[in-house]
Protein chains: 4
Amino acid sequence: MARRVRTTPRKNPKQDRSRATVDAILEATARVLAEVGYERASTNRIARVAGVSIGSLYQYFPGKEALVAALVERHVDRVTTLLDHAFDRIEELPPRHAARALVTAVLSVQVIDADLHRLLVEQIPRVGRLQRVTHIERRFVERTRGYLQSHRRESTIRNPDVAAQLIIYALHGILFGLARADPAQLGDNAVSDEMVALVTRYIAG
Amino acid sequence: MARRVRTTPRKNPKQDRSRATVDAILEATARVLAEVGYERASTNRIARVAGVSIGSLYQYFPGKEALVAALVERHVDRVTTLLDHAFDRIEELPPRHAARALVTAVLSVQVIDADLHRLLVEQIPRVGRLQRVTHIERRFVERTRGYLQSHRRESTIRNPDVAAQLIIYALHGILFGLARADPAQLGDNAVSDEMVALVTRYIAG
Amino acid sequence: MARRVRTTPRKNPKQDRSRATVDAILEATARVLAEVGYERASTNRIARVAGVSIGSLYQYFPGKEALVAALVERHVDRVTTLLDHAFDRIEELPPRHAARALVTAVLSVQVIDADLHRLLVEQIPRVGRLQRVTHIERRFVERTRGYLQSHRRESTIRNPDVAAQLIIYALHGILFGLARADPAQLGDNAVSDEMVALVTRYIAG
Amino acid sequence: MARRVRTTPRKNPKQDRSRATVDAILEATARVLAEVGYERASTNRIARVAGVSIGSLYQYFPGKEALVAALVERHVDRVTTLLDHAFDRIEELPPRHAARALVTAVLSVQVIDADLHRLLVEQIPRVGRLQRVTHIERRFVERTRGYLQSHRRESTIRNPDVAAQLIIYALHGILFGLARADPAQLGDNAVSDEMVALVTRYIAG
DNA sequence: AATGAATGAGCCTTCATTCAT
DNA sequence: CATGAATGAAGGCTCATTCAT
C-alpha cells in the first residue's frame, strides 16, 4: 500500500548556518501545509517559501514525508513535555479538581500550536510511521489510567482501562469538533466549564 | 488557495447501463482510495479498476474531486437517513434510555461502512466543498440539542447548545479513538456500556 | 551496482496511430543516441526530436534504458536474421571460399545500420540486460565453431572452440578498429582481401 | 554538440600532501567508475570515497571529465611505456618469434590494469578529447607497420599499412571479445598459443 | 456513448559547481 | 589549502485531462 520512503533527516546540521536553514525549511513546511494541505504541498514550494534552494532542502530531507515527519517529531516532543508536567500535578488532586486540571491540560495542547496540531492530526495521510502523532494520545490515556487506578476509592470508575480511553478520546473529539465547528468557542469559559462537568460527573459521579 | 473545480456529476445516468457504469466507478473510487489514499489515487487507476475507459469516467465525472464528492454525497445521504430514523425514536425516550439509544445510533454509523467513513473523514484533504462530511455531525448536534431542549425538565443540562456539541463530539471522538487504537473494542459491550454511562451521568447526572 | 529497472515496453500498440508513435520514438532514440551519446540522451530530448509529448513516450517505454533495449532488440533481430542466412550458405563451402563468405557476412553487418551498430556496441553502458547485443557475437561464434567442426578434415584448425572465438572476435575488432580509425577503408577491396587472407591462412593455412 | 570544458588539472601538486590527495582522488575515480559507471559517478561521491571534501576535489580538477581525462592520461602513459619497451625487443626478432612477442605484449596491457582498461575503452562516452585512449592503438599500429616494413623480406606481407592495422585490431578485438565472453580464458595458454598461430600464419604463412 | 492515444504542466530529485568561512 | 553549505539547471516521471476516432 505504501512505498517505504526514508523519513529521517539526511544529516545533522553542524554549523549555525545549516541549523538556520533547517529551521526555515520546517517553518515553511508548517506554513505551506496549513495553506494548501499535504497533497498540494510540494517540496519546491516549501523551498521557495523557506527562501532556500531546492537543493538545500534535499540536502537535509529526503522528501516531503520526511519534512512532515520532522515537524511531527518536534510537535510531539513539545506536547509530550507539556503533558507530562501537567499530569505530574494532576496526580495529587482529588477527582473533582483533577477533572478541571485535565480539561485545562487538553485544551492547552491547542495553545502550543493549534493549527499545526490539527494539521498533523487531520490532514496528514496516515502513511506508515507518521502514526507517531497518536503517540501523544496513547500517553494521555496511559497517564489517565494511572490516575484512575490510584484514585479508585474516590471515584465511581470501575474500569479504568476503558474509562481512560473514553475520557481522552472524548476530550480530544470535543477539542477538534469545536475547532471544526467554531474555533472561537475554545476560549469560552462556558464551554470549558461544561467539559469539566462532563468529566467530573463521569469520574466523580 | 484552491482552484475551483466542478465537483458535480456531468450527467444523470438515465439508462441502466449508465447507472451501472457510474456505480462501478464509485465502487472503484472507494477501493482505490482505501488502497492507496487520496493522493496516489489516480483517475486512470480508478478507471482501470472500474473496468471502464478513462474517457467514460470523464463522461460522468469532471475530475478526481468530483469522484470523491459523489462518494461523500452517497455516504452522507445514507448516514443521514439512518440517523434521522434513530432520532425519531429517541425523541420519545427519557434521558436514561435516550443515552443508550444515542450511543447505539452513533456506533451504527460504523456499521454502514466503517472503512469508507474513516476514509472520508480522515483522509480526504479538506479542500473546498468536501466539508460536507461534517454535515452529518452538524445534523447530529442539531437533533441532540432539540432533544435536550424539549427534555430540559428531566435533565441536568442547562446549556443545551454547548451540551449537544460536547456529547456528539465526544462520542465521535471516542468512536474514532477506539477505531485508531483497537477497532475490536468497538464491538465490546463493556465499552458501549461505559459510553452509555458517560452520557447518562452527564445528562441525567 | 545497477538498480534493476524495467526495460520492457509498457503496452503493445494496437492502433496504427500508436505504432507510428512508437516508431517515431525509436527513430528519435537512435538519432539522439548518435548525436549526443547515451549519457546526454534524455527522455525529454528524445520525445522532442520524435515530435511526441513526453507523456506519450512514457506511455510506451518506462525509461531511457527501455528505449535503448527496444532499439537493441530490433537491431539484434535484423542482424541475426541476416547472419543466419549467410551461414546457411557458408556451411557448404570449403575453407578457402568460406573465409571470403565469412568476411563478407561480417562486413555486411555494417551495411544494415553501421552507425547504430557501433553505437549499440560501444556506447551503451553494459548495464544489465543490454548485454543482449553480445548475443549476435555469440551466435556468430557458435555457427563458426559448427563450421570448423564439420570441416575439420579440410582445415588446419585443431581446436574449433578457441579458433571460432578468435576468428569472430578478430573480425569484429578489425571492423570496429577500421571504423574508428578511418571508416572509408571499410569499402576498400584491398582491405577486405587482406581480411580474407588473414582468415584463410589461419584455417586453411 | 559538446560543451567544451576544461579537462586539464588546475594545478600541479607540488607538495607531497597534494600529490597524495590527487592520487586518492584518481583512485576513487577509478573505483567509483568501476562500481557505478560514468553516468552515475558523481563528483560528490568520488570526493567522499576519496575521503576528501568536494571543495578539495575541485581545487585540483575542474570537473568530472577532467577526472576521467587524468585517469586516461595516466593509463595511456603507462601502457605506452610498456608497449614501447616491448617493441624495442620485437624489432630484432624474425616474424616467427615476433608473433609471440607481439601477442604477449598485447595481452600484457590487460595485466597493467585490466578493469581500468576495459572501463576506459568501453564505458567512457566518446565525448571530445577522451579519444586519447585510441592513442595507444595508433601507436601499436605504427610500430607494427614499422616492423613489417623492415622485415618485408622474411614475411608474406605485401601491404604493411593494411596488415598492421588488421593485426592490431584483430588482437585488440580478441582481447576484449574474450574478456566479455569469459575473462578466464585470457590466462589460458591454449588460447595465447592459438593467437600466436593466427598471427604467425598471417605474417609468416 | 465508449475508447484510449496524446498531451504537458508540474512534481520529485540529482548533481556539477561555487563560494563564504 | 580545506571544508561543506548552498545553489539551481536539468532530467525523470506521473497523472489529470482532452479529443479524435
Side-chain angles (χ1 to χ4, degrees), chain A residues 5 11 13-22 39-47 51-65, chain B residues 3 5 11 13 15 17-18 21 39-48 52-67, chain C residues 5 11 13-22 39-48 51-65, chain D residues 5 11 13 15 17-18 21 39-48 52-67:
Chain A
V5 181
K11 59 166 78 166
K14 284 169 193 165
Q15 303 179 2
D16 277 0
R17 183 160 50 132
S18 25
R19 184 174 311 276
T21 301
V22 167
E39 190 193 7
R40 311 254 300 274
S42 75
T43 49
N44 280 295
R45 182 172 194 153
I46 291 171
V52 153
S53 83
I54 183 63
S56 291
L57 186 153
Y58 274 91
Q59 196 126 54
Y60 295 105
F61 301 94
K64 185 158 62 154
E65 283 191 22
Chain B
R3 313 143 298 174
V5 180
K11 58 173 77 169
Q15 304 169 4
R17 184 158 52 125
S18 304
T21 302
E39 194 180 6
R40 294 179 52 210
S42 74
T43 50
N44 282 296
R45 181 173 194 158
I46 290 170
R48 195 174 347 110
V52 155
S53 81
I54 182 65
S56 294
L57 187 152
Y58 273 89
Q59 202 98 43
Y60 293 107
F61 300 94
K64 184 156 75 153
E65 285 189 20
L67 287 169
Chain C
V5 180
K11 59 166 78 165
K14 284 168 190 163
Q15 303 179 2
D16 279 0
R17 185 161 47 132
S18 24
R19 184 175 311 277
T21 301
V22 167
E39 190 194 8
R40 312 251 302 272
S42 76
T43 51
N44 281 297
R45 182 173 195 154
I46 290 171
R48 193 172 352 107
V52 152
S53 83
I54 183 65
S56 291
L57 187 153
Y58 274 92
Q59 195 128 54
Y60 296 105
F61 301 94
K64 186 158 62 155
E65 284 191 21
Chain D
V5 180
K11 58 173 76 169
Q15 304 169 7
R17 182 156 55 123
S18 304
T21 302
E39 194 179 6
R40 295 178 52 211
S42 75
T43 50
N44 282 295
R45 182 173 194 156
I46 290 171
R48 194 174 351 107
V52 155
S53 81
I54 182 63
S56 294
L57 187 152
Y58 273 88
Q59 201 98 44
Y60 293 107
F61 301 92
K64 183 155 74 153
E65 285 190 19
L67 287 169

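- Looking at A:Glu39 and B:Lys64, a side-chain N of the basic residue comes within less than 4.0 Å of a carboxylate O on the acidic one, giving a salt bridge.
- Between the NZ atom of B:Lys64 and the P atom of F:dT17 there is a distance of 9 Å, rounded to whole Å.
- Rounded to an integer number of Å, the gap from CZ of C:Arg48 to C1' of E:dG8 is 14 Å.
- DNA chain F is contacted by both A:Val52 and C:Gly55; A:Val52 maps to the nucleotide lying nearer its 5′ end (nearest heavy atom per residue).
- Distance from the side chain of B:Ser53 is smallest to E:dG4 among E:dT18, E:dG4, E:dA9.
- Here C:Thr21 reaches the OP1 or OP2 of E:dA6: one of its side-chain N or O atoms lies under 4.0 Å away.
- When every heavy atom of B:Arg45 is checked against every heavy atom of B:Arg40, the shortest pair comes out as NH1-O, 4.3 Å.
- As rounded to whole Å, 16 Å separates atom P of E:dG4 from atom CZ of C:Arg19.
- Rounded to an integer number of Å, the gap from CD of C:Gln59 to P of F:dT18 is 16 Å.
- Side-chain contact check for B:Thr43 versus B:Tyr58: some heavy-atom pair is nearer than 4.5 Å.
- Closest to the side chain of D:Ser56, from the set F:dA5, E:dA6, F:dA2, is F:dA2.
- Rounded to a whole Å, the CD1 atom of B:Ile54 is 16 Å from the P atom of F:dT14.
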Using Watson-Crick and G-U wobble pairs with both distances under 3.5 Å, what is the 5'-to-3' dot-bracket string of DNA chain E, with [ ] for crossing pairs and | for pairs outside the strand? .||||||||||||||||||||
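- Counting distance only, with no hydrogens placed and no angle test, the side-chain atoms of C:Asn44 and the base atoms of F:dA10 include no donor-acceptor pair under 3.5 Å.
- Of the candidates E:dC12, E:dT7, E:dC15, E:dC12 carries the atom nearest the A:Ser42 side chain, counting heavy atoms from C-beta on.
- Taking OG1 of B:Thr21 as the start and OH of B:Tyr60 as the end, the distance is 5.0 Å to the nearest 0.5 Å.
- Atom CZ in A:Arg40 sits about 14 Å away from atom C1' in E:dA9, given to the nearest Å.
- Phosphate contact (OP1/OP2 of E:dC19, side-chain N/O of D:Tyr58, threshold under 4.0 Å): absent.
- Among all heavy-atom pairs drawn from D:Ile46 and D:Leu57, the shortest one is CG2-CD1, 4.0 Å.
- Contact annotation: D:Ser18 reaches the phosphate of F:dC1 (side-chain N/O to OP1 or OP2, under 4.0 Å).
- Using a 4.0 Å heavy-atom distance criterion, D:Ala41 is classed as a sugar-phosphate-only contact.
- Residues B:Ser56 and B:Ser53 have side chains that bring a donor and an acceptor to within less than 3.5 angstrom of each other.
- Rounded to an integer number of Å, the gap from CD1 of A:Ile46 to C1' of E:dC11 is 12 Å.
- Atoms CZ (A:Phe61) and P (F:dA6) sit 12 Å apart, rounded to a whole Å.
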